[in-house]
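Okay, structure first, notes after.
One-based numbering along the sequence shown.
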Amino acid sequence: PRLVRQVSFLTQRFAEHASLWQLRIWQRQLALMLVRFCGNLIYLSVSDERAFTVWRYVVAVFAIMINLFSLRWHELRKPFLYVYQNYIDRVLYMTTIFLLLLAMVQSATVGTGDETGATPPGAFDVIMMMVVLGGPAAAALVGWCSHRRTRMQLKEIGKCKEALVAAQD
């Protein structure tokens with residue numbers, strides 16, 4: 001009981017069936033840090049530019065796979081008590097995955113050295129900013145709408161309670 005109280009700030013934000021979900025979050029973060037660390041080691045050890053380019057994509061694919069696995073695990077467990085919280089987390093996972101994919105496409109098209117350029121660098125910047133700002137904004141909008149809906153429902157419950165009390169008198 002004492003340990004449960006001491007770590008309650010980590011576990012109480014999740015639904016009862018997923019009280020240890022924070023450990024899953026730390027596992028994902030550790031896996032991503034290891035991928036990043038390996039990517040840095042490869043960068044320091046590879047002198048051939050073409051080999052480095054290939055490894056850069058391999059590291060990005062590993063990061064995408066970790067996030068896809070985490071998203072799938074999240075979908076199966078639904079660790080939060082409220083639907084909107086799970087939705088927000090899902091949107092943030094998908095935003096991360098989409099940004100990694102965009103970064104891969106950008107480095108493949110913009111960084112080719114072709115001066116005629118397949119795509120101007122500014123276009124990718126705009127798309128990435130839309131994703132970076134749009135994903136969390138959409139998630140926040142869903143959270144706000146859910147909050148308003150819950151408040152309206154509680155007001156209705158309060159009105160019904162008042163009507164029952166008045167009817168009993």
Side-chain angles (χ1 to χ4, degrees), residues 9-15 17-149:
F9 69 96
L10 292 174
T11 60
Q12 284 183 344
R13 64 187 176 134
F14 302 110
H17 70 277
S19 62
L20 299 178
W21 190 253
Q22 184 64 45
L23 295 176
R24 298 284 183 242
I25 293 172
W26 288 339
Q27 286 174 337
R28 177 179 54 90
Q29 291 171 342
L30 179 63
L32 289 171
M33 284 184 354
L34 287 173
V35 165
R36 170 66 191 226
F37 178 73
C38 291
N40 287 342
L41 287 179
I42 291 167
Y43 175 74
L44 294 174
S45 64
V46 173
S47 59
D48 181 27
E49 182 66 29
R50 293 187 74 181
F52 172 71
T53 301
V54 169
W55 276 107
R56 180 175 53 188
Y57 292 116
V58 169
V59 168
V61 166
F62 273 113
I64 290 170
M65 287 173 33
I66 290 168
N67 280 290
L68 281 171
F69 177 78
S70 298
L71 173 63
R72 181 65 181 144
W73 190 256
H74 180 273
E75 286 295 316
L76 292 173
R77 294 289 294 175
K78 298 199 185 308
F80 294 103
L81 185 60
Y82 299 107
V83 174
Y84 77 92
Q85 291 173 311
N86 288 310
Y87 178 80
I88 289 171
D89 218 28
R90 184 175 67 208
V91 167
L92 294 177
Y93 276 120
M94 292 184 335
T95 300
T96 302
I97 293 164
F98 190 64
L99 280 174
L100 286 167
L101 289 170
L102 270 177
M104 288 174 65
V105 170
Q106 180 187 28
S107 74
T109 58
V110 174
T112 58
D114 180 16
E115 294 307 320
T116 60
T119 308
F124 275 107
D125 295 339
V126 170
I127 293 169
M128 285 186 163
M129 281 307 263
M130 288 171 49
V131 172
V132 164
L133 298 175
L141 180 64
V142 166
W144 180 74
C145 289
S146 177
H147 174 70
R148 280 196 66 202
R149 191 176 328 112

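When the shell of 6.0 Å around CZ of Phe80 is examined, it contains more than 12 heavy atoms from other residues, nucleotides or ligands.
A distance of 14.0 Å separates CG of Leu100 from CZ of Phe62, quoted to the nearest 0.5 Å. Between Arg90 atom CZ and Tyr84 atom OH the span is 15.0 Å, to the nearest 0.5 Å. Of the inter-residue distances, the one linking Leu101 atom CG with Ile64 atom CD1 reads 4.0 Å to the nearest 0.5 angstrom. The CZ atom of Arg36 sits 13.0 Å away from the CG atom of Leu34 when rounded to the nearest 0.5 Å. One distance of note links CE of Met33 with CH2 of Trp26; it measures 12.0 Å at 0.5 Å rounding. The line from OG1 of Thr96 to CZ of Arg28 is 7.0 Å long, rounded to the nearest 0.5 Å.
Tested against Val35 for a side-chain contact (heavy atoms from CB on, under 4.5 Å), the candidates Asn40, Ile66, Leu30 yield a single pass: Ile66.
Between Val61 and Met104, some side-chain heavy-atom pair lies under the 4.5 Å cut-off. Residues Ile97 and Leu71 have side chains in contact (heavy-atom distance under 4.5 Å, counting atoms from C-beta outward). Contact annotation: the side chain of Phe14 approaches that of Ile25 to within less than 4.5 Å [non-hydrogen atoms, C-beta and beyond]. Using a 4.5 Å heavy-atom threshold, the side chains of Arg77 and Arg24 count as separate.
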Worked verdict on Tyr82 versus Asn86 for side chain to side chain contact (heavy atoms under 4.5 Å, CB included)
CA-CA 7 Å; Tyr82 299 107; Asn86 288 310; over 6 Å; no
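Between Gly143 and Ile88, the closest heavy-atom pair is CA-CD1, 4.1 Å. Shortest non-hydrogen contact noted between Ala18 and Pro79 is CB-CA, 3.6 Å.
Here the side chain of Ser19 pairs no donor or acceptor atom with the backbone of Ala15 at under 3.5 angstrom. Here the side chain of His74 pairs no donor or acceptor atom with the backbone of Tyr93 at under 3.5 angstrom.
Applying the side chain to side chain donor-acceptor pair (under 3.5 Å) test to pairs two or more places apart or on separate chains, none has a residue in residues 133-148. Residues in residues 56-73 take part in these side chain to side chain donor-acceptor pair (under 3.5 Å) pairs, two or more places apart or across chains: Tyr57-Ser107.
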